[in-house]
Amino acid sequence: MQSDDVSFSGSYKLFLINKNKNHSRKRDNTMSAVQQIDAIIVGAGFSGMYQLLSLRDKLGMSAKVLEAGSGVGGTWFWNRYPGARCDSESHSYMYYFSKELVNEWEWTERYPQQPEILRYLNHVADKFKLRPDIELNTRMQSAKFDESTNRWLITTDKGQQYSAKYFITAVGCLSSANVPKIEGIPDFKGKWYHTGEWPHEGVDFTGKRVAVIGTGSTGIQAIPVIASQAAHVTVFQRTANFSLPARHHKLSADFKKYAKEHADDIYEIMTTNTNGHPFHIQNRSIFDVSDDDREQIFEELWEQGGFQFRAAFKDILTSQKANDKAAQFIQKKIREVVKKPEVADLLADIDHPFAAKRPPVDDHYFETYNRDNVDLINLRKTPIERITAKGVKTSDKEYEVDIIVFATGFDALTGSLVKMDIEGRNHRKLKDYWSAGPRTYLGLQVPGFPNMFTVTGPGSPSVLCNMPPAIEQHVNWITNCIKHMEEKNLNVIETSEESGDYWQQQVNAVANETLLPTVKHSWYLGANVPGKPQVFMPYAGGLARYTKVCNDVTAKGYEGFKFAS
Ligand code: NAP
């Protein structure tokens, strides 16, 4: 399955390299003012749990996860909005590091719903006995690098202090909710929610008038479900969006059997392509086929559903002319589905190339506008002026509602990192160092922040990928690097300003090979958060290319990093 140095042989085998294992465990249990530990990890989602397991069970180190939530799951713990599900297919949205885990877990649907993913992550926490090393309801307050000891001093909101050799952020890329600073929100007499911080008890929309602000992946998933319950839904659209039909369905026994029997092949495909999905991008140009053939290919993929549509031709995301063909097909579909022409016009009036903003995958989103209880408001024509006691006031009208749902996205990639008080060498704060945009080497380390690693940080493929394989690649790289340091008795790893500059150039160069940076209002650039520096943040060269870069760096003796004993 995986061929990394640190992979399990067998299902759950302790890989003892740490000579001080027993000693370090004992130190961790000693109740002193500052607890000594090998590693502190922040966040108990896909990344943090696998990082804990890797350090603790493969390397035999002491490690602890600090998690602000009252349960594990990260993104899937917080994002409980109606319709929440993943738009990666379930057999690819999972860990592949353990054959036993792959074989024993059964997904029920093509695209897993949030409760099922959360069950899966809880199963992982139980199976690998991770819970004793996860501190729930605990927010990291500060992390400061002590240059005299080369250790991180980490403080939590419960007053605990840890001295850790390694500090690993596993905070997720889309975890800092972006509630827009629209005037008047505190005046609203009804209830309002952000989709990324949804109440655990759920929200009853029965008989309610609901405003939904935002038509990204989240809004597009939530709107059909809310509309099926509420008395009336008013959708406030600022930017019309492409969306692909998901074609949800239960998985057949045959498919489940196939996915298990071919797990190695599926994993091989996921880790050797651009987006980490279980299919390759077709190696043909959109202009290699006739108009009729192209139409038929698109039709078939539209019926099949999901991101395979985007993978139909190799140049959809690199050539504007090729992209136009895909965009026109989707716009035609929107007009076919939506019965009221003026609403269809609004939905199909899309100002950016297809997939240059993250394309949603939907379940009857466009069909929802044929319902009598759904209206669409064009914020480009009549912008929101304020929230009032009664609802949403645009430039021409006040919309009275009982509930406002902000499906307005996240302060992506950097938000959760700069919100934490992280201080590196020379007392330099991460938020100050990144005031002009994130600067990393490989998205794994930040210059001036020794022994700190960022799982799927800015500068890595992260959000442009199906996340689990990107996370596994990162955690494996970090774990191998730490293994190397422990074996060689090295105390410090850090990267340099030159490496950060070099990597920023690479990130920009590969982004410029695509249409992604042409969208000036995209969250990939930080443009959705007022005042955020606009820098293209993820690495757009693809997972396979990125993995090769990381492996080459390792093979060249960790080129671009410096070690100290
Ligand atoms: P998003 O893509 O950033 O969309 C936010 C929406 O809110 C956009 O329509 C945006 O309009 C609008 N908006 C933001 N501020 C506004 C304001 N002040 N006034 C009016 N409208 C405003 O956020 P998201 O939908 O939560 O998705 C974020 C990412 O999360 C996705 O791209 C995806 O990577 C991930 N996600 C994945 C899944 C999944 O796997 N199924 C589901 C949900 C989310 P503009 O476009 O004009 O800025």
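Whatever order the structure lists ligands and atoms in, that order sets their numbers, starting from 1.
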| field | Value rounded to 0.5 Å, distance of CD1 in Ile316 from CZ in Arg310 | value | 9.5 Å

| Which distance, rounded to the nearest 0.5 Å, do you find between the OH of Tyr95 and the CZ of Phe46? | 5.5 Å

Please confirm whether the backbone N or O of [Y] pairs with a side-chain atom of [X], one donor and one acceptor, at under 3.5 Å?
X	Y	result
Asp187	Ala389	no
Asp265	Ile269	no
Arg85	Pro112	no

Using heavy-atom distances only, which candidate in [options] approaches [atom] most closely?
atom	options	value
atom 4 (O) of ligand 1	Ala84, Gly216, Ala177	Gly216
atom 5 (C) of ligand 1	Pro383, Ala407, Ala240, Gly214	Ala407
atom 24 (P) of ligand 1	Thr195, Leu174, Asp87, Thr218	Thr218

Students should be able to answer this: which protein heavy-atom is nearest to [atom], and at what distance?
atom	answer
atom 18 (N) of ligand 1	Pro180 CB, 3.3 Å
atom 9 (O) of ligand 1	Thr215 N, 2.9 Å
atom 1 (P) of ligand 1	Trp523 CD1, 3.9 Å
atom 21 (N) of ligand 1	Ile213 CG2, 3.7 Å
atom 38 (C) of ligand 1	Arg358 NH2, 4.1 Å
atom 23 (O) of ligand 1	Gly409 CA, 3.1 Å

Please confirm whether [X] comes within less than 3.5 Å of ligand 1 when only nitrogen or oxygen atoms on both sides are compared.
X	answer
Asn178	no
Arg85	yes
Lys357	yes
Arg380	no
Arg238	yes

| field | Within the 6.0 Å centroid threshold, strictly below: Phe298 and Phe313 | value | yes

Part of [X] with heavy atoms under 4.0 Å of ligand 1, whether side chain, backbone, both or neither:
X	answer
Ala527	neither
Ser217	both
Tyr81	side chain
Phe410	side chain
Leu379	side chain
Thr239	both

| query | What residues, two or more places apart in sequence or in another chain, satisfy ring-ring contact (aromatic ring centres under 6.0 Å, His included) together with Phe236? | reply | Tyr399

| For Lys191, does the NZ atom have more than 12 heavy-atom neighbours from other residues, nucleotides or ligands under 6.0 Å away? | no

| note | For Lys256 and Trp107, the nearest pair of non-hydrogen atoms, with its separation, is CE-O, 3.3 Å

| message | Need the ligand 1 atom indices (1-based, order shown) with element for anything under 4.0 Å from a heavy-atom of Gln221. | response | 41 (N), 42 (C)

Please report, to 0.1 Å, the donor-acceptor pairs under 3.5 Å made by any side chain of residues 71-79, with sequence neighbours excluded.
| from | atom 1 | to | atom 2 | distance (Å) |
| --- | --- | --- | --- | --- |
| Trp76 | NE1 | Tyr93 | OH | 2.9 |
| Asn79 | ND2 | Thr75 | O | 3.1 |

| request: Verify side chain to side chain donor-acceptor pair (under 3.5 Å) between Lys431 and Thr414, making sure each step is shown before the conclusion. | output: CA-CA 9 Å; Lys431 75 171 171 16; Thr414 56; over 6 Å; no

| request: Could you walk me through whether Ser90 and Glu109 pass side chain to side chain donor-acceptor pair (under 3.5 Å), step by step? | output: CA-CA 7 Å; Ser90 54; Glu109 293 181 86; over 6 Å; no

| field | Sole candidate of Phe309, Phe307, Phe329 that passes side chain to side chain contact (heavy atoms under 4.5 Å, CB included) when paired with Leu301 | value | Phe309

| Sub-4.0 Å heavy-atom approach of Phe236 to ligand 1 | no

